[in-house]
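This is a predicted model, so every value here is computed, not measured. The figures here come from the full heavy-atom set of this structure, side chains too, leaving out hydrogens, waters and symmetry mates.
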Amino acid sequence: MLKRRTFLQSSSLGLAGLPFLSLPKLDKAVLPEKLSILFQGDSITDAGRSRGSYYPNAARGMGNGYVLHAATHLMGEQPKVDWKIYNRGISGHKVFQLANRWEDDALQLQPDVLSILIGVNDYWHTLSYNYEGTVSTYENDFAALLERTKKAIPKVKILIGAPFFLAEGTAIEADKWQKQFPAYQAAAMQVAKDFDAVFIPYQKVFNEALKVAPTSYWCPDGVHPSMAGNYLMAQAWLEAFQKLFG
C-alpha cells in the first residue's frame, strides 16, 4: 500500500505540468437544448470507426480515438442536452478529399459545431505517395472548404485542430518534418484566424506531454496517438469546445 501511495503521489507531481489534465466541467447555462457536432478529418479522427454506424451517437461509429473520449464526456456530463454527434473522418484523407465528399459528409448533416483536424497527409503524402500538393494548396483548399461551409451553414461554429507530429516517432523523417511541416501548422492557424474558428494547439499539448513520458507512450509512430495520446487530445478538444459557448 505504501509503494502504491508513493507511486500515485509521484505520478501526480510529474503530471502537474500537463495542460488539460482534468476534464473540464461544462457549464449547463451556456449550452443549447439541442446540439449537433460533426468531427471531420483523417485517420486520427477516423480511429477505426465502423462506416456502417453512421447515425449520430453510435458508439461504433465514433472510432476508438479522441472523438469517442470527447463524445462520451459531453453526453455523460450533460444528459439533458439533445446531442447529435457524428464522426466522418476517413483514414488517409487530405483537404481536397474532404471537399469531394463534403455535401454528403458535412453539409447535409447541418452541424451546429464543425471540428476539423486535417493536414498530416497533405504533407506526409508528398514524401511517400507522390502527392504534388504544397502548403499553399493545403491553405487554399482549406479556406475554400470553409468558405463553402459558411455559405451553406452561416451560423456554424468551427474548431480547427493543429496538425501535429512527434519527431521521434517511428514513421517520421525528423529532419524533413521539422523543417517543412511547421508551415502547414501555421497555415492551419491562419485559416482558423480568417474564419473566426477556435484553434486547438495539439502540437503544444504533445510537446508538453513529452516532458513527462516519451513518444512511445503518447504517439508511437509520431502521427497516430496511443490511448493516452487520445486522452490528451480529447481534453484539449473539450477545452476548445468550451470557448465556443463561453
Tell me which donor-acceptor pairs under 3.5 Å the side chains of residues 56-64 have, and how far apart each pair is, sequence neighbours excluded?
unit_1	atom_1	unit_2	atom_2	d
Asn57	OD1	Ile85	N	2.9
Asn57	ND2	Trp83	O	2.9

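- When hydrophobic clusters are built by joining Ile, Leu, Val, Met, Phe, Trp and Tyr residues whose side-chain heavy atoms come closer than 4.5 Å, directly or via intermediates, Tyr123 is not grouped with Ile90.
- Following chains of ILVMFWY side-chain contacts shorter than 4.5 Å, one can reach Met75 starting from Ile37, so the two form part of one hydrophobic cluster.
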Per-pair distances, 0.1 Å, donor-acceptor, side chain in residues 147-170, under 3.5 Å, sequence neighbours excluded:
unit_1	atom_1	unit_2	atom_2	d
Arg148	NH1	Ala99	O	3.0
Thr149	OG1	Trp102	NE1	2.8
Thr149	OG1	Leu145	O	2.8

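- Contact detail for Ala143 and Phe195: the closest heavy-atom pair is O-CZ, 3.3 Å.
- A 4.5 Å side-chain heavy-atom check between Phe245 and Pro32 finds at least one atom pair inside the cut-off.
- The distance from atom CD of Gln40 to atom CG of Leu114, rounded to the nearest 0.5 Å, is 7.0 Å.
- Proximity of Thr215 to Leu210: side-chain heavy atoms (C-beta onward) are separated by under 4.5 Å at one or more points.
- Listed here is the closest heavy atom pair of Ile172 and Gly222: CG1-CA, 3.9 Å.
- A distance of 11.5 Å separates CH2 in Trp218 from CD in Glu208, rounded to the nearest 0.5 Å.
- With a 4.5 Å cut-off on side-chain heavy atoms, Gln180 and Asp175 do not count as touching.
- Contact check for Phe206 versus Met233: side-chain heavy atoms found under the 4.5 Å cut-off.
- Contact check for Thr137 versus Asp122: no side-chain heavy atoms found under the 4.5 Å cut-off.
- Clustering ILVMFWY residues whenever any of their side-chain heavy atoms sit less than 4.5 angstrom apart, transitively, puts Tyr131 in a cluster other than the one holding Ile44.
- The side-chain heavy atoms of Leu127 and Glu173, taken from C-beta on, include a pair separated by under 4.5 Å.
- Side-chain N or O atoms of Asp221 include none that pairs as donor or acceptor with a backbone N or O of Ala171 at under 3.5 Å.
- Taken from CE in Met189 to CD1 in Ile200, the straight-line distance is 12.0 Å, to the nearest 0.5 Å.
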Test side-chain contact (heavy atoms from CB on, under 4.5 Å) applied to Leu146 and Asp194, step by step:
CA-CA 10 Å; Leu146 293 186; Asp194 291 344; over 6 Å; no
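- Across all their heavy atoms, Ala209 and Leu232 have their closest contact at CB-CD1, 3.4 Å.
- No donor-acceptor pair closer than 3.5 Å links the side chain of Ser128 to the backbone N or O of His125.
- Under 3.5 Å, the side chains of Asp104 and Gln108 contain no donor-acceptor pair of N or O atoms.
- Cluster membership for Val113 and Val67, using ILVMFWY side-chain heavy atoms within less than 4.5 angstrom, is shared.
- Asn121 places no side-chain N or O within donor-acceptor distance of the main-chain N or O of Lys94, the cut-off being under 3.5 Å.
- Distance check: Arg101 CZ to Arg88 CZ gives 9.0 Å after rounding to the nearest 0.5 Å.
- When all heavy atoms are compared, the tightest approach of Trp177 to Pro182 is O-CD, 3.3 Å.
- Both Val81 and Leu74 sit in one connected hydrophobic cluster of ILVMFWY residues. Membership requires side-chain heavy atoms under 4.5 Å apart, directly or through other members.
- Across all their heavy atoms, Tyr86 and Ser36 have their closest contact at CE1-OG, 3.8 Å.
- Residue Gln78 holds its CD atom at 9.5 Å from NZ of Lys80, rounded to the nearest 0.5 Å.
- The hydrophobic cluster around Tyr54 extends to Tyr55, counting ILVMFWY residues whose side-chain heavy atoms fall within less than 4.5 Å of a member.
- Residues Tyr184 and Gly133 come closest through the heavy atom pair OH-O, 4.1 Å.
- For the residue pair Glu139/Gln190, the side-chain donor-acceptor check at 3.5 Å is not satisfied.
- Interatomic distance, Ile118 CD1 to Asp42 CG, rounded to the nearest 0.5 Å: 4.5 Å.
- When only modelled atom types and interatomic distance are considered, Tyr66 and Thr45 share a side-chain donor-acceptor pair under 3.5 Å.
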For side-chain contact (heavy atoms from CB on, under 4.5 Å), just list the numbers for Tyr202 and Leu117, CA-CA rounded to whole Å, side-chain angles, deciding distance to a tenth of an Å, and then say yes or no.
CA-CA 10 Å; Tyr202 288 130; Leu117 173 58; 4.1 Å; yes
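- Side-chain contact between Leu31 and Phe241 is present, with at least one heavy-atom pair separated by less than 4.5 Å.
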